[in-house]
There are 2 protein chains.
Amino acid sequence: MRNTEQKSVILEVLQTHKDHPTADQLYSEVRERLPKISLGTVYRNLEKLSSSGVIMKLELGGNQKRFDPNPMDHYHFRCITCSSIEDLPQDLKVDLPDINSETRSNRVILGTTLEYYGYCEECAANKILN
Amino acid sequence: MRNTEQKSVILEVLQTHKDHPTADQLYSEVRERLPKISLGTVYRNLEKLSSSGVIMKLELGGNQKRFDPNPMDHYHFRCITCSSIEDLPQDLKVDLPDINSETRSNRVILGTTLEYYGYCEECAANKILN
DNA sequence: AATATACTAGTAATAGTTATCATTAAGGAG
DNA sequence: CTCCTTAATGATAACTATTACTAGTATATT
């Protein structure tokens, strides 16, 4: 993996985020620093950075993938109204059962995704008003 | 919601499945019985059936949504190699923490998605052979 | 049987992402 | 430092999954 300016700017921009931007959000922010960068480059680098464990690609509900600067294992809440994604505290660990022994199977379990969904605080408040 | 032949055939075909087909898989199966049906009709009816709670739409990792004839809450395992999705036993219940009290928030939690991912038994066996 | 309208087939449009390809630029070897 | 291999880039096309549109059809209520 070669070190390019594009890659490091993409990473820097993502790391300023406390939320979980989509590829096109990052694209428009990165373009302020690198106006000639192309969307494909953003996708390509996000893919490399996540497959090498520097960042995390989130495949939760909804139609867009999102990117998380924090590659450590943690859970998320997703708002089905505004599509925002919130981190749940990293020390929140749920004791998940060993499904292989439960089902007598020999799968290789690489990880788990736990997602809560509903209305975020803001959208919930708005719903009451309307 | 009106009762059409298309809708009931789509539901019947889905209910013969023990796995979790995609919309286009169902489309090609349904077409054997209703050769003139269109893909849009399949999507439309799957949407109605899932929003009325008869079936379940799965938005897990990967790029295609899948449909589950069983609308009861249960968890899934997803194979990242062959993209298949397996049901975990319905009596497997994990005690999930109340994230609102944990984070002092007033979100409205409508549900949770718990997904295990990795290599299914078959793909795991194949990997060892190669 | 008449009627209002939800649903359909066929098709176009959209959104998100990936592939292609000629050109550029990392970064290791000499 | 210069050369050279090749990974990465920008620009664009292609692709995949899904949704929208519309004239015509069929359901189910009156």
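Letters go in sequence order (proteins before strands), and every chain restarts at 1. Bear in mind the structure is a predicted one, so any value in this text is a computation, not a measurement.
Rounded to whole angstrom, the span from the CG atom of A/Leu46 across to the C1' atom of C/dT18 amounts to 14 Å. Rounded to whole Å, the distance from NZ on A/Lys65 to P on D/dT16 is 14 Å. A/Leu34 places its CG atom 13 Å from the P atom of C/dA25, with the value rounded to the nearest Å. Between the CD atom of A/Glu59 and the P atom of C/dG16 there is a distance of 15 Å, rounded to whole Å. Following rounding to the nearest Å, B/Leu58 (CG) and D/dT18 (P) show an atom-to-atom distance of 12 Å. Atom OH in B/Tyr27 sits roughly 14 Å away from atom P in D/dA17 (whole-Å rounding). Atom pair B/Leu49:CG and C/dC7:C1' shows a separation of 13 Å (rounding to whole Å applied). In this entry the distance linking CD of A/Gln64 with C1' of C/dT17 reads 10 Å, nearest Å.
Across the interface with DNA chain C, nearest-nucleotide mapping of B/Asn63 and B/Asn45 shows B/Asn45 to be the residue nearer the 5′ end. Nearest-nucleotide assignment on DNA chain C puts the 5′-proximal partner with B/Lys7, out of B/Lys7 and A/Leu39. Of the two residues contacting DNA chain D, namely B/Ala23 and A/Gly40, the nearest-nucleotide position lying further toward the 5' end is that of A/Gly40.
Geometrically, A/Lys93 engages A/Tyr75 in a cation-pi contact, judged by NZ or CZ lying under 6.0 Å from the ring centre and within 45° of the ring axis. Annotation: cation-pi pair A/Lys127/A/Tyr119 present, NZ/CZ under 6.0 Å from the ring centroid and within 45° of its normal.
Between B/Arg107 and A/Glu121 there is no salt bridge, since no side-chain nitrogen of the basic residue lies less than 4.0 Å from a carboxylate oxygen of the acidic one.
Comparing C/dG16, C/dC7, D/dT19 by their nearest atom to the side chain of B/Tyr43 picks out D/dT19. Distance from the side chain of B/Ser38 is smallest to C/dG10 among D/dT18, C/dG16, C/dG10.
Residues passing the salt bridge (Lys or Arg N to Asp or Glu O under 4.0 Å) test with B/Glu12 are B/Arg33, sequence neighbours excluded.
Using a 30° and 60° split on the angle between ring planes, A/His20 and A/His76 fall in the perpendicular class, above 60°.
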For nucleotides 25-30 of chain D, give me one character per nucleotide, 5' to 3': B if any protein heavy atom sits under 4.0 Å from the base, S if the only such contacts are to the sugar-phosphate, - if neither.
-BBS--
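At D/dA11, one or more side-chain N or O atoms of A/Lys36 fall inside 4.0 Å of OP1 or OP2 (strictly under the cut-off). For the pair A/Lys48 and D/dA8, the criterion of a side-chain N or O lying under 4.0 Å from OP1 or OP2 is met. Listed pair B/Thr41 / C/dA9 meets the phosphate criterion, a side-chain N or O lying under 4.0 Å from OP1 or OP2. Here A/Arg44 reaches the OP1 or OP2 of D/dT9: one of its side-chain N or O atoms lies under 4.0 Å away.
The two residues A/Leu14 and A/Phe67 make their nearest non-hydrogen contact at CD1-O, 3.7 Å.
Among the candidates A/Glu115, A/Glu59, A/Glu86, the single residue satisfying the salt bridge (Lys or Arg N to Asp or Glu O under 4.0 Å) test with A/Arg78 is A/Glu115.
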